[in-house]
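This report concerns only the one structure given below.
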There are 2 protein chains.
Amino acid sequence: MSRTIQQTTDDPEIPCQQDNRLLKAISAEIRGRIYPYLKLTELPLGMVLYESGDVMENVYFPTNSIVSLLYVMEDGRSAEISVVGNEGIVGIALFMGGLSTPSRAIVQSAGHAYRLDSKQLKAEFDRHGEMHHLLLRYTQALITQMAQTAACNRHHTIDQQLCRWLLLSMDRLKGNKLDMTQELIANMLGVRREGVTEAASKLQSAGIIQYHRGHIRVLDRPELEHRCCECYAVVKKESDRLFEEFSYPPRQQRPYR
Amino acid sequence: MSRTIQQTTDDPEIPCQQDNRLLKAISAEIRGRIYPYLKLTELPLGMVLYESGDVMENVYFPTNSIVSLLYVMEDGRSAEISVVGNEGIVGIALFMGGLSTPSRAIVQSAGHAYRLDSKQLKAEFDRHGEMHHLLLRYTQALITQMAQTAACNRHHTIDQQLCRWLLLSMDRLKGNKLDMTQELIANMLGVRREGVTEAASKLQSAGIIQYHRGHIRVLDRPELEHRCCECYAVVKKESDRLFEEFSYPPRQQRPYR
DNA sequence: GTCTGTATGTACGAAACCGCACACAAGACT
DNA sequence: AGTCTTGTGTGCGGTTTCGTACATACAGAC
């Protein structure tokens with residue numbers, strides 16, 4: 001489950017810390033303090049990192065995995081609040097002071113993440129330095145994603161939401177493949193499995209995606225973006241804005257406005 | 001619009017700082033620093049405190065007013081992300097580091113709020129003392145509300161959501177009256193006005209509420225809670241948990257678990 | 001090859017909600 | 001008093017999604 005950490009690795013399948021964009025963004029000084037405590041951890045599909053109400057003992061920096069923050073209602077129906085991949089951290093409630101969240105964190109796409117003891121993260125956060133700023137800034141981006149999800153749930157069709165969901169997932173993985181059944185996607189979107197089947201069929205027959213028993217491949221990403229609602233672009237822009245600010249070394253000129 | 005501030009007031013219509021629960025929760029030391037900069041401000045119905053993307057020059061601590069954080073989509077359709085009343089602050093993006101949010105803050109129920117210059121709040125936040133902790137903790141509660149709203153949008157009927165919305169609003173006002181047209185409620189919930197008319201008619205004919213051209217009165221609150229989905233209770237519990245922690249003087253025993 | 005569980009496809013009536021159109025009534029304005 | 005604006009009530013056809021039931025097809029186990 002855990003291995004000794006490595007700054008870099010020759011095996012492209014084994015991620016290094018810098019594959020997480022938050023870990024990559026911090027300065028050398030903080031890296032020196034944090035990196036020794038990072039434990040590379042395998043996250044199998046469906047693994048629950050936190051259950052609703054759990055006290056968090058670790059936080060996770062995904063590298064090539066994706067974690068969904070899922071809200072589960074009393075009657076068992078669920079809705080995805082946000083997605084966390086290599087651009088983020090799972091466990092923000094830790095430093096926000098609540099200790100626990102009323103949502104479940106579940107591995108949506110298997111891979112690896114760097115695990116960090118809550119105390120270590122809290123200690124670094126409480127130094128009120130760069131990490132503090134970075135984490136708050138990330139939380140802000142996460143809030144944007146949640147707000148957009150709420151609005152998207154209200155106003156957009158399953159077809160559009162599936163496109164959004166696929167794009168958000170693809171952004172967090174390398175390559176154009178994703179292992180995910182329609183049943184699980186339906187849980188994330190909070191809709192029936194049949195609804196996803198229908199939406200995915202349309203995309204497949206239009207040649208935009210290709211799927212087969214839990215394996216999805218995106219063939220025509222531009223068209224996927226075209227069929228998507230605005231929600232994807234807003235979330236992505238906010239996420240990019242975060243890392244623009246934290247790029248090292250600081251750029252003199254920003255390539256995009 | 002602004003008046004000289006008063007620690008207390010004899011006129012029950014003019015709120016004092018302590019009518020905002022965040023301002024009430026902070027210690028005497030911080031009060032000394034903050035209170036002189038607070039400006040009592042009138043918030044008329046429909047006033048926009050921030051437009052999407054605005055840089056925030058002030059933050060607001062509502063007393064007897066309610067502010068909605070509303071997400072407005074490209075096509076003009078909208079959805080309420082969260083509500084802020086005397087339990088909170090409008091403008092969290094300021095200290096979260098994003099400077100702006102992609103949502104609109106609009107006065108949903110007219111009243112007063114204490115306005116504070118962004119620089120002053122940021123300065124106090126950056127002392128990393130009690131205010132810092134309190135604001136982050138509040139943000140966590142707000143995140144919970146947003147997550148719950150997202151899930152509620154997905155799974156619950158207009159009838160249930162109207163109950164939730166009424167309860168959340170009533171909690172933030174004294175009395176059992178609310179001035180609000182069905183049209184505006186529809187904007188908040190992101191549904192048609194007719195849908196609200198129908199849901200409100202049911203409540204009225206059941207004797208739970210009484211309304212008349214923009215004036216709503218809650219007659220049977222227990223029944224309102226009974227018809228509501230779980231979402232209200234979750235949000236309220238999280239909000240209460242925040243102030244339990246910050247009650248002064250600290251209690252030896254907590255009356256509720 | 002057969003079996004079995006899992007993933008996906010299809011169908012159909014019901015419910016919720018939408019968009020629209022219009023009626024009506026209470027205040028506000030002149 | 002008459003007119004206009006605003007807030008609410010109602011009806012109807014259309015769309016989306018739901019709930020449910022069942023069929024099909026693939027993959028791995030034996």
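Every chain is numbered from 1 and lettered A, B, ... according to where its sequence line falls, protein lines coming before strand lines. Computed from a predicted model, the values in this text were never measured in an experiment.
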- Are any side-chain N or O atoms of B/S65 and backbone N or O atoms of B/H112, one a donor and one an acceptor, separated by less than 3.5 Å? yes
- Message: Please pick, from C/dG9, D/dG19, D/dC26, the nucleotide with the shortest atom-to-atom distance to any side-chain atom of A/H212.
- Response: D/dC26
- Query: Quick one: B/L162 CG to C/dA16 P, roughly how many Å, whole number?
  - Reply: 15 Å
- Between B/N86 and B/R21, is there a donor-acceptor pair closer than 3.5 Å when you use the side chain of the first and the backbone of the second? no
- Item | Separation of B/I216 CD1 from B/T181 OG1 (nearest 0.5 Å) | 8.5 Å
- Point-to-point distance, once rounded to the nearest 0.5 Å, from OG of B/S52 to CG of B/L69: 12.0 Å
- Query: Given atom CG of A/L184 and atom C1' of C/dT6, what is their separation to the nearest angstrom?
  - Reply: 12 Å
- For DNA chain C, whose closest nucleotide is more 5', that of A/E183 or that of B/R77? A/E183
- Task: Using a cut-off of strictly less than 4.0 Å, decide whether A/Q182 has a side-chain nitrogen or oxygen near OP1 or OP2 of C/dG9.
- Result: yes
- Item | Below 4.0 Å: OP1/OP2 of D/dG9 and any side-chain N or O of B/S201 | yes
- Candidate nucleotides D/dT6, C/dC18, D/dT17, ranked by approach to the side chain of B/R213 - the nearest: D/dT6
- Message: Assess whether a salt bridge exists between A/K202 and A/E198, defined as any Lys/Arg side-chain N lying under 4.0 Å from an Asp/Glu carboxylate O.
- Response: no
- Task: Grab the CD1-P distance between B/I158 and D/dT17 for me, whole Å please.
- Result: 15 Å
- Message: From the set D/dG9, C/dG9, C/dC18, return the single nucleotide nearest to any side-chain atom of B/Y211.
- Response: D/dG9
- Item | Nearest-angstrom distance from the residue atom NE2 of A/H155 to P of C/dC17 | 13 Å
- Message: Taking only side-chain N and O atoms of B/T157, does any of them lie within less than 4.0 angstrom of OP1 or OP2 on C/dC17?
- Response: no
- So how far is it from A/E225 CD to A/I208 CD1, rounded to the nearest 0.5 Å? 11.5 Å
Enumerate the protein-to-nucleotides 21-24 of chain C contacts in which both atoms are nitrogen or oxygen and the separation is below 3.5 Å.
residue, atom, partner, partner atom, Å
C/dA21, N6, B/E194, OE2, 3.4

- Is there a donor-acceptor pair under 3.5 Å between the side chain of A/R77 and the backbone N or O of B/H155? yes
- Note on the structure: Rounded to whole Å, CD of A/E198 lies from P of D/dT15 at a distance of 14 Å
- For the pair made of CZ in B/R192 and P in D/dT16, what is the distance, rounded to whole Å? 15 Å
- Query: Which whole-number value in Å describes the distance from B/H156 NE2 to C/dC17 C1'?
  - Reply: 16 Å
- Note on the structure: note: A/N153, atom CG; D/dC18, atom P; distance rounded to Å ~ 11 Å
- Select from B/R154 and B/Q204 the residue whose nearest nucleotide in DNA chain D is closer to the 5' end of that strand. B/Q204
- Across the strands shown, which category fits B/G214 at heavy-atom distances under 4.0 angstrom: base, sugar-phosphate, nothing? sugar-phosphate
